There are 2 protein chains.
Amino acid sequence: DDLVDHSDEEMWAKEPFRDKRLCVKTARPFNAETPPAEQVRHFDTPAELFYVRQHMPVPDLDGSCHRLTVLVEGEGERRLQLSVDELNRFKRQEVRAALMCAGNRRSEMNLVKPVKGLSWRTGAIGNAVWGGVLLRDVLLAAGVSDKDTEGKHVTLMGADMDATGTYFSTSIPLSHALDERARVLLATSMNGAPLTKDHGHPLRVVVPGAPAVRSVKWLQCIKVSSEESPSHWHQRDYRSFGPSVSWETADFPSAPPVYSLPVTSAVCSPEDGDTVRPRRGALHVQGYAYSGGGAKIIRVEVSTDRGATWREARLRSDSAPPREHYSWTLWDVDLPAAGPQMEIWVKATDSNFNAQPENFRDIWNIRGILSNAYHKIKVNVEQ
Amino acid sequence: DDLVDHSDEEMWAKEPFRDKRLCVKTARPFNAETPPAEQVRHFDTPAELFYVRQHMPVPDLDGSCHRLTVLVEGEGERRLQLSVDELNRFKRQEVRAALMCAGNRRSEMNLVKPVKGLSWRTGAIGNAVWGGVLLRDVLLAAGVSDKDTEGKHVTLMGADMDATGTYFSTSIPLSHALDERARVLLATSMNGAPLTKDHGHPLRVVVPGAPAVRSVKWLQCIKVSSEESPSHWHQRDYRSFGPSVSWETADFPSAPPVYSLPVTSAVCSPEDGDTVRPRRGALHVQGYAYSGGGAKIIRVEVSTDRGATWREARLRSDSAPPREHYSWTLWDVDLPAAGPQMEIWVKATDSNFNAQPENFRDIWNIRGILSNAYHKIKVNVEQ
Ligand SMILES: [Mo]
Ligand SMILES: [Mo]
């Protein structure tokens with residue numbers, strides 16, 4: 001778990017204002033979900049409603065003083081220092097991308113067998129248009145070679161610090177950082193406005209299609225080397241284990257770090273347990289679907305008979321082509337009302353034709369990440 | 001179904017010699033699987049053991065006379081004619097890639113509810129090192145722009161012809177053809193030797209990570225235009241439908257063409273129904289796993305208790321990084337023998353952390369393609 005000194009009031013004195021509509025999971029550090037109804041109300045989630053996942057107190061950075069250090073290790077070691085203004089002289093790019101916590105929907109996996117981590121429901125994902133410059137362009141300007149990427153990594157360090165004095169950091173493979181279609185950004189804007197404090201002001205990384213933990217906020221240092229980040233966030237978390245691995249048998253060094261996300265979907269409206277009133281005999285049902293790694297959602301299906309039959313939902317998607325499609329997809333469908341209770345299942349298929357698993361049992365993992373089985377809710381229907 | 005005149009003996013007079021070990025599904029056109037034990041014996045499948053999927057008689061082409069036509073439609077329409085020697089002056093490239101029929105493992109989906117198509121078991125996949133030149137390089141030389149790909153397609157036409165006089169053809173999106181990491185090849189060699197007749201001599205396409213139908217053999221023409229291939233192979237086949245779509249309700253024009261393949265795996269040795277003799281109390285079990293779209297297999301798990309617990313298999317993989325990893329992965333595991341009968345399940349996870357679905361019911365489709373649920377076999381154990 002994150003090491004945070006809860007007794008030191010001063011650390012928390014500069015926390016930003018938060019919208020009251022967010023569903024708070026923990027206050028310090030601040031972790032909160034977007035309310036489901038707000039998720040489907042906006043294709044691009046407004047910054048003030050975007051879920052927040054902090055590990056530590058929010059750093060209070062001044063955009064005009066802030067400097068990014070770019071360090072390239074190895075023969076002829078190089079070091080660049082860039083202000084945010086200097087960074088923005090690289091070619092400006094925009095990417096529409098969802099960011100999703102690797103632990104989104106953990107609460108459902110937790111029902112199968114307890115897992116360790118914040119009990120996120122379906123609200124730890126949002127979608128936005130991110131503006132900035134390509135990490136690729138900055139690395140090439142720093143003298144990094146496109147040809148020599150094997151075994152190399154890019155460590156990304158934030159300005160948020162834990163109680164031991166360690167800055168947050170993680171890393172991604174250099175080949176990923178340099179892939180033009182991966183569109184890894186050093187972002188300064190979100191939905192056309194400067195980044196807010198909770199979302200990384202003045203500078204953050206956005207690694208489209210990857211778990212949001214790789215999209216380091218309050219970015220202060222980039223290092224290219226032959227080592228993955230040594231931080232415990234990178235070494236002891238966000239790795240993939242099978243369902244038969246326990247905390248006792250887990251071997252973190254040999255477990256694959258998670259750099260992409262599988263296909264998932266959720267019903268956002270109505271919510272589990274709601275009582276709904278049909279309109280002209282039908283329920284209007286809405287939700288999102290998403291797949292990482294550049295895949296696009298090609299189909300969302302909904303069942304009210306526990307999978308015996310499926311109905312296709314209407315999709316609202318970004319125009320980016322598959323292979324570099326990083327946005328979520330919103331969907332909606334009208335279901336014939338049949339009371340007094342209805343069970344609603346949703347599943348999505350992506351452009352690699354991967355589908356969600358039906359159950360959590362066989363994807364269960366100690367950390368409760370990548371929790372992408374069918375979303376199943378029950379609602380009461382007014383007669 | 002393919003239109004082939006079976007009465008015209010002359011059409012079939014020049015069919016190549018085939019290895020007797022192949023498991024023949026249909027003789028004319030020739031369709032045959034690799035025997036499972038041979039799949040896991042070689043990381044790169046020898047050409048003579050590589051599964052064969054033909055739609056028509058095999059064309060008899062002369063490599064020194066053969067010409068490839070490259071046609072770029074639109075303003076300032078361009079046309080290139082290239083001999084195989086001229087083509088090989090582009091930069092030579094090698095890609096290790098599995099090719100898998102979209103219908104591989106159809107026989108298992110067919111057990112849930114009948115589907116239409118050749119009843120492939122697990123043998124319609126092989127792995128090879130393909131040598132040739134990048135389609136990207138040839139298209140750029142023909143004046144195609146990297147910037148203007150939206151809505152454009154590359155139609156690939158073979159020299160195999162059906163009974164109506166129509167050449168085989170299909171298409172892929174231009175953005176896919178131009179993606180450097182997609183590594184779409186115009187191939188002239190397989191495992192270091194010239195292509196054999198059954199595998200496209202003298203020139204074929206290899207679209208790594210896509211259903212093998214896109215890897216057009218005996219390539220004679222490439223056309224860049226704003227239309228997908230009009231052929232019935234492209235328009236009326238290899239499209240994705242949900243489980244509740246019937247032949248009566250299927251709308252082919254709006255169904256997504258399949259340009260990638262989901263994660264799959266199979267047990268190859270022992271085979272379903274075999275009687276096996278344990279060695280030192282264990283069964284040695286071997287198979288393959290594969291995921292399309294450039295994803296790499298990161299874990300293969302085997303269960304002998306119907307999914308209650310899972311054991312990780314050892315993996316043998318190609319060294320290409322995830323995001324441009326097109327080879328299959330071979331795996332093996334030793335399982336404690338427990339007779340008289342054992343049920344063995346296998347499932348794989350790929351580098352996007354997609355997993356296979358447990359059952360076929362919810363991925364069932366009229367054409368029986370993309371049949372990637374867990375592979376489940378039963379073996380008898382000698383006491
Ligand atoms: Mo996360
Ligand atoms: Mo196929």
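So you know, we letter chains A, B, ... as the sequences are listed, proteins then strands, and number each from 1. The model shown is predicted, which means the values in this text are computed figures rather than measured ones.
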I need the minimum non-hydrogen distance between [X] and [Y], along with the two atoms involved.
X: Ile298(A); Y: Pro256(B); value: CD1-CG, 3.9 Å
X: Pro243(B); Y: Glu301(A); value: CD-OE2, 3.0 Å
X: Asn352(A); Y: Gly293(B); value: OD1-CA, 3.8 Å
X: Ser175(A); Y: Pro321(B); value: OG-CB, 4.4 Å
X: Glu180(A); Y: Glu180(B); value: OE2-OE2, 4.4 Å

Chain B contact via [X] - which portion, at a heavy-atom distance below 4.5 Å:
X: Tyr259(A); result: backbone
X: Ala210(A); result: neither
X: Trp364(A); result: neither

Donor + acceptor pair across side chains of Arg299(B), Ser240(A) (<3.5 Å):
yes
Heavy-atom contact with chain A under 4.5 Å, split by part of Ala182(B):
both
So which part of Leu261(B) gets closer than 4.5 Å to some heavy atom of chain A, the side chain, the backbone, both or neither?
backbone
Going through the distances and angles, do Arg323(B) and His176(A) end up as a side-chain contact (heavy atoms from CB on, under 4.5 Å)?
CA-CA 8 Å; Arg323(B) 309 175 66 80; His176(A) 191 153; 3.7 Å; yes
Chain A shares the most heavy-atom pairs under 4.5 Å, among Asp362(B), Ile363(B), Leu370(B), Thr309(B), with Asp362(B)
For the candidates Ala355(B), Gly242(B), Ala295(B), Ala373(B), which exhibits the highest count of non-hydrogen atom pairs separated by less than 4.5 Å from chain A?
Gly242(B)
Does the distance from a Lys or Arg side-chain N to an Asp or Glu carboxylate O, for Arg181(A) and Asp179(B), drop under 4.0 Å?
yes
Using only atom types and a distance under 3.5 Å, with no angle test, would you say the side chain of Asn354(A) pairs donor to acceptor with the backbone of Val263(B)?
yes
Quick check on Glu343(B): does its CD atom have over 12 non-hydrogen neighbours (other residues, nucleotides or ligands) under 6.0 Å away?
yes
Could you tell me the separation between the CD atom of Glu312(B) and the CZ atom of Phe241(A), rounded to the nearest 0.5 Å?
9.5 Å
